[in-house]
Amino acid sequence: MRKRGITLIVLFFLALLWGASLLIGDSSNQKPKLKEEAIKWIEDHQSLLTNLSDQVWGYAELGLKEYKSSKLLADALEEAGFQVERGVAGMPTAFVATYGEGEPVIGLLAEYDALPGLSQKVSSTKEPLEEGAPGHGCGHNLLGVGCVGAALAVKEALAAQPFSGTIKLFGCPAEETLIGKVYMVKYGIFDGLSAALTWHPGSSTKVSNGSSLAMNSFWVEFRGKTAHGAGDPWNGRSALDAVELMDYGVNLMREHMELTSRIHYVITDGGEAPNVVPDYARVWYYVREANREKVEELYQRVLNIAQGAALATDTTYQVNLITGVYNTLVNDTGVQIMHKNLELVGAPLFSSEETAFAREIQKGVGKPEVGLAEEIEPIKEPPKLAGGGSSDVADVSWITPTVSLNVATTPKECPWHSWAVVASCGSSMGHKGMLVAAKTLAATAIDLIHDRELLKQMREEWKEKTRGFTYKSPIPEGRKSPSLPN
Ligand SMILES: [Zn+2]
């Protein structure tokens, strides 16, 4: 009797320990099974996910106008039991969907905006669905739904066991204009995250370990006086002259910039008729550099040139900073964790019909007809100079450790932001890449929820790299919601 009593007490304490271990997350032995279940959930729900991505592809809504796309994704998550908060960070098409309780809190960054003028059918030659309408030339229809698929699959794994952990899907609008996440960071939407995960469609399959450039996007508007171009030009002061002079000044400055600097501009307004001296002109600039400090420095030099141009042409000028982003802070630990999961899932395998379609597209854009990437690229030493582009995922990477992957959805060497990307991201090639991304993201999230040691290592690297750093929003103080160029 006494012996049985002791045994019962021992069993009781063992059960208590087991329960506590689940709550503090020491459940790494459950991981393989949970990952398998999450991957299977995505396989079993392929048609749900591909339907969602095709709907977003069809909506093809521009940044900050993704009303139907964001509603579709938010509704799907709400129906599955997520708590959804809509219209966050001063943007009607931004949302947060949450499932679970307690730490760790793993974020997924979904995007769904399209690009202007890229409307295209799922065909191997340039053929707009609707002339001049937007199209998904960056594959964000797949990006958004891939993250939703991962969130739903992780939810299943969380629901099956009494683990502590939260999955949050962030509906991030207007990535193409580098606006959405910058405002979301400004509003503290990503605060409290343990880590963030995302992906991007591409022409290869790999975990990203390269940085991106910090950037400022801004207009300079010049105002002068109209007059007859021949009759009384002495009464006129040309705003277009000021723009031309500013651009000339900036182009001279190029000789004296660092190799990491990138500056480009378009003149959005330059007058209406040659015989009317333009009293209004506007130029839209991107200034990019390796980090925020260098962007601020270069930006100031460009503004000095604008001031000089206004003075020289007897015009006035006004600067409107539209947005700015940071460079990406790479988390090498996170890269390794995600790479292992990508290997577990495997690269997308394309059918002979898909390969033939890819080759036709390549022919259509004048590239070698080599088909699609079907291997996972190994993790290589990142280039010394960051790639030419910028992303607002970068701003999240300074708030919480962030890792991202690319999955092949598009034929090799296809020009990005083109009709060819729209066509492939609306086809079964794109769907296949998206499902690989969803599985990899889900498996990585399960790693971070169920293996606190991995998460700790990832966070320690991030803490080390951000020591002494305070995030300062590139957006001017007091601005509550974005202004978009028209
Ligand atoms: Zn993109």
Side-chain angles (χ1 to χ4, degrees), residues 53 56-57 59-66 69-70 73 91 93-94 108-120 134-148 150 169-184 196-208 210-215 217 262 286 288 323 325-328 373 386-397 402-411 413-427 429-431 433-434 436-438 440-441 482 484:
S53 93
V56 176
W57 186 87
Y59 296 152
E61 296 167 294
L62 294 177
L64 301 179
K65 292 176 185 161
E66 315 97 325
S69 308
S70 62
L73 303 191
M91 296 174 290
T93 56
L108 288 160
L109 312 176
E111 299 165 10
Y112 29 75
D113 56 331
L115 286 156
L118 288 182
S119 172
Q120 167 68 27
H136 270 290
C138 206
H140 291 185
N141 60 311
L142 303 171
L143 200 171
V145 179
C147 289
V148 169
L169 183 130
F170 296 90
C172 310
E175 192 282 332
E176 293 297 350
T177 39
L178 300 174
I179 281 174
K181 296 180 202 71
V182 186
Y183 276 88
M184 291 168 87
L197 310 173
T198 191
W199 80 289
H200 202 289
S203 50
S204 61
T205 301
K206 62 179 182 200
V207 180
S208 328
S211 189
S212 59
L213 293 176
M215 189 191 93
S217 162
R262 296 282 184 281
Y286 282 8
R288 309 194 206 227
T323 189
V325 294
Y326 277 69
N327 54 308
T328 300
S390 307
S391 165
D392 63 2
V393 173
D395 290 61
V396 183
S397 74
T402 303
V403 54
S404 175
L405 83 151
N406 290 111
V407 183
T409 55
T410 305
E413 290 188 47
C414 260
W416 211 251
H417 287 193
S418 75
W419 67 264
V421 177
V422 187
S424 48
C425 291
S427 79
M429 292 188 282
H431 299 151
M434 174 184 79
V436 164
T440 309
L441 293 172
L484 245 199

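Whatever order the structure lists them in is the order used to number ligands and atoms, beginning at 1. Since this is a predicted model, take the numbers as computed values, not measurements.
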query: Do you know which of Ser204, Pro415, Ser424 makes side-chain contact (heavy atoms from CB on, under 4.5 Å) with Thr410?
result: Ser424
Between atom [atom1] of [X] and atom [atom2] of [Y], what is the distance when rounded to the nearest 0.5 Å?
X: Asp113; Y: Glu176; atom1: CG; atom2: CD; answer: 5.0 Å
X: Asp392; Y: Ser397; atom1: CG; atom2: OG; answer: 10.5 Å
X: Tyr183; Y: Asp395; atom1: OH; atom2: CG; answer: 12.0 Å

- prompt: Can you count the protein N, O or S atoms that lie less than 2.8 Å from the Zn ion (ligand 1)?
  reply: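 Excluding waters, the total comes to 3.
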task: Start with the C-alpha gap between Thr440 and Trp199, add the side-chain angles, then the distance that decides, and say whether side-chain contact (heavy atoms from CB on, under 4.5 Å) holds.
output: CA-CA 9 Å; Thr440 309; Trp199 80 289; over 6 Å; no
- request: State whether the side chain of Asn327 and the backbone N or O of Ala214 hold a donor-acceptor pair below 3.5 Å, judged by distance alone.
  value: no
